[in-house]
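Start at 1 with the first residue, then count along the sequence.
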Amino acid sequence: MAFFKNAKQPLGIFLYNIRLSTCSRHGYSTWATKGTSFAQSTDTKASKTAYLYWVSRRFNSQAASSAEQMSLIKQLRERTSAPIKDVKASLVDCNWDIEAAQKELRKRGKVLAMKKSSRTATEGLLALAQNEGKAAVIELNCETDFVARNEIFEYLALALAKKALFVQNSSQQIPGVFSFGPECLEDLKLNLDHPKISGETTIQNAVTEVAAMMGENIKLRRGVVMSTSSHGVVSAYLHRCPRPGLGRIAGILSLEVENEISQLDALQKVGSELAMHIVAAKPLFLTKEGVTSDVLNNEREILKSQAISTGKSLMAIEKMVDGRLRKYFEEVVFMEQKYFLNDSLSIKGLKRGYQKVETFKVSLALKLCTQ
């Protein structure tokens with residue numbers, strides 16, 4: 001009961017009374033017994049006031065220390081974008097030295113990033129970079145959509161696309177287009193200029209650095225570079241675009257004219273519309289001649305089995321198969337598809353009927369999307 005009674009007193013007075021009772025047990029109490037003089041009473045009040053002042057100073061200094069620690073945590077968090085629990089752990093380990101903690105955090109983050117490299121990364125972005133006569137698209141993956149919307153992740157994706165513009169390979173299977181994997185870029189130098197990630201480093205180290213910041217597996221999956229002759233343009237369209245140069249689906253194609261381009265703006269407009277058509281219509285082949293024999297034979301077998309089930313004559317079955325093959329070409333072959341802005345025209349019809357530019361041809365068409 002005595003404890004609960006004392007608990008109602010202010011903390012400083014409570015601690016002071018405990019201190020006095022402890023001193024009494026050791027025989028040097030400042031409290032007098034019966035007959036306490038006025039002078040002794042005055043000394044006791046002065047001692048009590050001094051002790052309360054000491055307790056107050058002690059608590060105020062601890063509060064100031066906590067505020068300073070919170071400030072350091074906030075600063076390091078802003079510098080690195082690392083998870084707050086990792087930020088605090090690094091500061092504690094480094095005795096609240098922010099510079100040492102930042103170095104320690106980078107080391108620790110890279111180790112964790114390597115451990116997470118086997119985890120599945122199915123989210124991400126496509127990044128597009130273009131210059132005169134060439135376009136590059138890269139796919140950068142992460143684990144969650146939350147990281148895919150992070151501005152550091154977006155900055156890295158755009159930086160990789162710009163670097164991909166300079167990738168060249170003489171052994172291109174299709175003239176004008178080069179598809180590549182991450183190994184083609186990993187060792188290239190990248191000069192980053194971002195408040196939270198800057199300086200010259202390799203692409204592989206930059207990806208690892210951002211993975212350490214985000215706390216997720218981040219990887220460069222693939223890329224493609226498309227170029228055209230001096231008589232053509234490369235056009236691209238990005239769908240689900242969070243900011244210029246980024247998206248989840250991309251359509252890219254090369255347009256060429258027989259003679260020197262006289263109306264470049266008009267040709268670029270056609271290219272932009274056709275790139276948008278690629279995203280909407282999802283073609284698998286550029287022309288009928290480009291459909292592989294395996295795909296064609298497989299589709300013919302499926303259509304023939306469906307026609308036989310109707311019980312019609314062989315001649316009728318052959319006509320049915322041919323008609324359905326034409327329909328199949330209209331669905332998967334770019335030049336045979338109905339133009340998505342005007343379904344009364346095919347892409348071939350658009351090519352013949354577009355009066356604003358000279359006769360053009362589509363050299364290459366490609367659709368990319370994140371996993």
**Q** Taking atom CD of E154 and atom CZ of R149, what is their separation to the nearest 0.5 Å?
**A** 9.5 Å

**Q** Might you point out which heavy atoms bring A136 and A161 nearest each other, and give the distance in Å?
**A** CB-O, 3.8 Å

**Q** Would you mind reporting whether L91 and Q69 have side-chain heavy atoms less than 4.5 Å apart?
**A** no

**Q** If you compare all heavy atoms of R248 against all heavy atoms of L126, which two are closest, and at what distance to 0.1 Å?
**A** O-CD1, 3.6 Å

**Q** Verify, without hydrogens or angle tests, whether K163 (side chain) and K189 (backbone) share a donor-acceptor contact under 3.5 angstrom.
**A** yes

**Q** Checking side chain to side chain contact (heavy atoms under 4.5 Å, CB included) against V210, which of V147, L140, I197 comes through?
**A** I197

**Q** If I compare all heavy atoms of L238 with all of G245, which pair ends up nearest, and what's the gap?
**A** CD1-C, 3.4 Å

**Q** For the atom pair CZ (F153) and CG (L158), what is the distance rounded to the nearest 0.5 Å?
**A** 10.5 Å

**Q** If I take atom CD from residue E209 and atom CD1 from residue I218, how far apart are they, to the nearest 0.5 angstrom?
**A** 11.0 Å

**Q** Shortest non-hydrogen contact from A206 to T201?
**A** CB-CG2, 3.9 Å

**Q** May I ask you to check whether Y237 and H277 place their ring centres under 6.0 Å from each other?
**A** no

**Q** Verify, without hydrogens or angle tests, whether E216 (side chain) and T144 (backbone) share a donor-acceptor contact under 3.5 angstrom.
**A** yes

**Q** Same cluster or not: are I152 and I203 linked, directly or through other Ile, Leu, Val, Met, Phe, Trp or Tyr residues, by side-chain heavy atoms under 4.5 angstrom apart?
**A** yes

**Q** Check for me, please, whether L188 and Y155 land in the same ILVMFWY cluster - side-chain distances under 4.5 Å, paths through other members count.
**A** yes

**Q** Between L128 and F166, is there a shared hydrophobic cluster once you connect ILVMFWY residues whose side-chain heavy atoms come closer than 4.5 Å?
**A** no

**Q** Is it the case that the side chain of K134 and the backbone of L165 share a donor-acceptor pair, with hydrogens and angles ignored and the cut-off at 3.5 Å?
**A** yes

**Q** Would you call E318 and K304 a side-chain contact if the rule is heavy atoms closer than 4.5 Å?
**A** yes

**Q** Just wondering, do L190 and L160 contact through their side chains at under 4.5 Å, heavy atoms?
**A** yes

**Q** Quick one: pull up CG in L325 and CG in L296 and give me the separation to the nearest 0.5 Å.
**A** 6.0 Å

**Q** Can you list the steps and then say if E330 with R326 is a salt bridge (Lys or Arg N to Asp or Glu O under 4.0 Å)?
**A** CA-CA 6 Å; E330 288 179 4; R326 284 193 296 271; over 6 Å; no

**Q** Within the structure provided, determine whether T228 and M226 are in side-chain contact (heavy-atom separation under 4.5 Å).
**A** no

**Q** Does N297, at its CG atom, have more than 12 non-hydrogen atoms belonging to other residues, nucleotides or ligands within less than 6.0 Å?
**A** yes

**Q** Is the closest side-chain heavy-atom distance between I73 and W96 below 4.5 Å?
**A** yes

**Q** Would you call Q306 and M320 a side-chain contact if the rule is heavy atoms closer than 4.5 Å?
**A** no

**Q** Quick check: closest heavy atoms across F340 and A280, and the distance to 0.1 Å?
**A** CD1-CB, 4.0 Å

**Q** May I ask you to test the M214-C142 pair for a side-chain heavy-atom distance under 4.5 Å?
**A** no

**Q** With rounding to the nearest 0.5 Å, note down the distance linking CG in L125 to CG in N150.
**A** 10.5 Å

**Q** Kindly check if the number of other-residue, nucleotide or ligand heavy atoms within 6.0 Å of CD (E132) is above 12?
**A** no

**Q** Rounded to the nearest 0.5 Å, what separation is found between the CD1 atom of I302 and the CD atom of E299?
**A** 5.0 Å

**Q** Please tell me whether Y339 and L253 are part of a single hydrophobic cluster in this structure, the criterion being side-chain heavy atoms less than 4.5 Å apart.
**A** yes

**Q** When you compare the side chain of D187 with that of T202, does any pair of heavy atoms fall below 4.5 Å?
**A** no

**Q** Using 4.0 Å as the upper bound for N to carboxylate O, is an ion pair formed by E139 and R221?
**A** yes

**Q** To check you understand the geometry: which heavy-atom pair defines the closest contact between C241 and L246, and what is its length?
**A** SG-O, 2.8 Å

**Q** According to a 4.5 Å side-chain heavy-atom criterion applied to Ile, Leu, Val, Met, Phe, Trp and Tyr, with indirect links allowed, do M276 and I278 form part of one hydrophobic cluster?
**A** yes

**Q** Any donor-acceptor pair under 3.5 Å linking the side chain of T208 with the backbone of Q204?
**A** yes

